Amino acid sequence: MQARPDAFMSPIQCFMTTFREEGLRALWKGSVPALVGAVSENAVAFSVNQQLKRIIADMEGYGLSTGGGGAEAETEREGGGVEESLIVPFLTGGFTGIFTSAALCPSDVIKCKVQVSRAMLKTGETAMDAKEMLVHVLKQQGIKGLFVGLGAQFARDIPFYAFFFGTYELSLRTLKIYTSVPQEAAYLIAGAC
């Protein structure tokens, strides 16, 4: 539906037609690049954000525990004088978006190219799978071809991660100050905010 919106009248019709014409396996076409992208994005996002928080904490002198920041860092700072600015999680989140964009862009490029190539097929033709498309892009455009659209990814991911990590940390701090919610529950609640 995404690549050919005029081809189907509803998601159910799309599902039934795809299942009937291409079989059960077709419902997972493109899932490998999407999964690789999601795993890469999350691995990069959380590791980069934590490293940035540690670097800033060291520079500013308020220190972070090695356990993951957030409420642990708040607990560690209680006795000390310097406290993390509320803007820091938003800034580190924004910088995190730069790195996640770079990690996610190649798999997004391949996924989109595979989707579009399938949509443009004529009867009887077969489309490239993700591996074939990767080889094709590298041959035609080189490594640069995997980063087409990186600017758009920056425009999406930098503000997203600024608010994602910023509101998470702000929620943790607010829960700690204004409630008696146990630390484990605070992580869960803040993650839902």
Side-chain angles (χ1 to χ4, degrees), residues 30-112 130 134 137-138 141-193:
S31 62
V32 171
L35 180 62
V36 168
V39 168
S40 304
E41 179 181 21
N42 284 306
V44 169
F46 287 96
S47 61
V48 165
N49 190 264
Q50 191 61 37
Q51 283 303 106
L52 290 171
K53 285 170 45 179
R54 285 191 179 124
I55 289 166
I56 290 173
D58 289 346
M59 288 176 10
E60 296 295 318
Y62 52 82
L64 287 179
S65 68
T66 56
E72 294 102 340
E74 290 294 323
T75 303
E76 188 172 300
R77 289 191 297 264
E78 274 179 359
V82 181
E83 185 163 317
E84 177 184 65
S85 163
L86 288 176
I87 195 77
V88 169
F90 290 92
L91 291 174
T92 58
F95 281 108
T96 297
I98 294 169
F99 293 95
T100 58
S101 294
L104 187 59
C105 195
S107 66
D108 269 359
V109 166
I110 298 303
K111 176 186 70 118
C112 291
L134 175 63
V137 169
L138 290 172
Q141 299 172 287
I143 199 86
K144 202 167 121 178
L146 295 175
F147 293 93
V148 171
L150 185 59
Q153 292 247 200
F154 285 152
R156 180 190 73 183
D157 288 353
I158 292 171
F160 170 78
Y161 280 104
F163 285 101
F164 179 81
F165 285 111
T167 57
Y168 175 76
E169 293 292 336
L170 184 60
S171 298
L172 275 177
R173 190 176 295 186
T174 302
L175 287 167
K176 181 176 190 256
I177 293 170
Y178 297 107
T179 72
S180 58
V181 172
Q183 187 171 342
E184 295 78 14
Y187 287 128
L188 182 64
I189 294 166
C193 291

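Atom set for the values below is all heavy atoms of this structure, side chains included, hydrogens, waters and symmetry mates excluded. Bear in mind the structure is a predicted one, so any value in this text is a computation, not a measurement.
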Worksheet item: Any donor-acceptor pair under 3.5 Å linking the side chain of N49 with the backbone of A45?
Response: no
Worksheet item: Between atom CG of D108 and atom CG of L146, what is the distance when rounded to the nearest 0.5 Å?
Response: 11.5 Å
Discussion item. S101: which residues meet the side-chain hydrogen bond (donor to acceptor under 3.5 Å, both in side chains) condition with it, sequence neighbours left out?
Written reply: D157
Item to complete: Hey, could you give me the CG/NZ distance between L150 and K144, rounded to the nearest 0.5 Å?
Response: 12.5 Å
Worksheet item: Atom CG in L170, atom CZ in F165: separation rounded to 0.5 Å?
Response: 15.0 Å
Worksheet item: If you draw a 6.0 Å radius around CZ in F147, do more than 12 non-hydrogen atoms from other residues or ligands fall strictly inside?
Response: yes
Worksheet entry | Exercise: identify the closest heavy-atom pair between E41 and T100 | O-CG2, 3.7 Å
Practice prompt. Identify the two heavy atoms, one from S107 and one from G37, that lie closest to each other, and give their separation to 0.1 Å.
Written response: OG-CA, 3.2 Å
Discussion item. Are R156 and L104 packed together at the side-chain level, in the sense that at least one heavy-atom pair is separated by less than 4.5 angstrom?
Written reply: yes
Worksheet item: Considering only heavy atoms from C-beta outward, does the side chain of T92 approach that of E169 to under 4.5 Å?
Response: no
Discussion item. Going by the rule side chain to side chain contact (heavy atoms under 4.5 Å, CB included), which residues pair with F95 if we only count those two or more places apart in sequence or in a different chain?
Written reply: L52, I98
Worksheet entry | Gap separating the CG atom of L172 from the CD atom of Q183, nearest 0.5 angstrom | 8.5 Å
Discussion item. Testing the basics here: between G149 and C105, what is the closest heavy-atom pair and its distance to 0.1 Å?
Written reply: C-SG, 4.3 Å
Fill in: Spacing of CZ belonging to R173 relative to CG belonging to L86, to within rounding of 0.5 Å
4.5 Å
Practice prompt. To the nearest 0.5 angstrom, please state how far the NZ atom of K53 sits from the CG atom of D58.
Written response: 13.0 Å
Worksheet item: Are F46 and Y161 close enough that their ring centres sit under 6.0 Å apart?
Response: no
Response to the item:
Minimal heavy-atom distance between I110 and L134, with the atoms involved, is CD1-CA, 3.6 Å
